[in-house]
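Take a look at the structure below.
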Amino acid sequence: MTTLAKQTMYQKIEQHGNNLNAIFNTGIEPVKLCKQLRRLELKANKVATDWCNGLIDTENIDSHTEPILKKVYAILGKNIAPIVFNGDARGYALKIPDGFVKANNLQIYTDWGGYGIICPDFTPNN
């Protein structure tokens, strides 16, 4: 990765962390916040992948997603915005519903459907 690409990536991470802090007011340094949430996004995406591959049954999916969502809410706060688990492993797993993003005019990274992405991957070519 070139120096410019790395600088651009960290600028995007910091901006996303600042946007999250504007919404959730965590008091956590923006890059640290994004790193904490990125780890949880990766865990949630693994759950989605395992669920899609039949390794996790629909009956017990909540037992896998609840601990992750609890950690996300512990970081961001529970009463600010709803955070949902997206079980489609092809996309991001932790999202804010599109209706909430639109209704509250949230300035946050979104997917094509308008869902707010809790922690996108800003590495180049993503």
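Positions are given from 1, in the same order as the sequence printed here.
- Thr3 meets the side-chain hydrogen bond (donor to acceptor under 3.5 Å, both in side chains) test with no other residue; sequence neighbours excluded.
- For Lys46, the salt bridge (Lys or Arg N to Asp or Glu O under 4.0 Å) partners two or more places apart in sequence, or in a different chain, are Asp50.
- For Asp62, the salt bridge (Lys or Arg N to Asp or Glu O under 4.0 Å) criterion is met by no residue, not counting sequence neighbours.
- Here the CG atom belonging to Asn45 is positioned 12.5 Å from the CG atom belonging to Leu40, to the nearest 0.5 angstrom.
- Counting only distance, with no hydrogens or angles, the side chain of Asn53 and the backbone of Leu55 share no donor-acceptor pair below 3.5 Å.
- Interatomic distance, Leu33 CG to Asn21 CG, rounded to the nearest 0.5 Å: 5.5 Å.
- Rounding to the nearest 0.5 angstrom, the gap separating the CD atom in Glu59 from the CD1 atom in Ile61 is 10.5 Å.
- Not counting sequence neighbours, Asn25 has no partner by the side-chain hydrogen bond (donor to acceptor under 3.5 Å, both in side chains) test.
- Between the side chain of Asp88 and the main chain of Arg90, a donor-acceptor pair closer than 3.5 Å is present.
- In this structure, Trp51 and Phe85 have tilted ring planes: the angle between them lies in the 30° to 60° band.
- In this structure the side chain of Lys95 reaches within 4.5 angstrom of the side chain of Ile117, judged on heavy atoms.
- For the side-chain hydrogen bond (donor to acceptor under 3.5 Å, both in side chains) test, no residue two or more places apart in sequence or in another chain qualifies with Thr110.
- Each side-chain hydrogen bond (donor to acceptor under 3.5 Å, both in side chains) pair with one or both residues in residues 9-19, not counting sequence neighbours, appears once here: Gln15-Asn19.
- Taking the six-membered ring for Trp, Tyr92 and Tyr115 have ring centres at least 6.0 Å apart.
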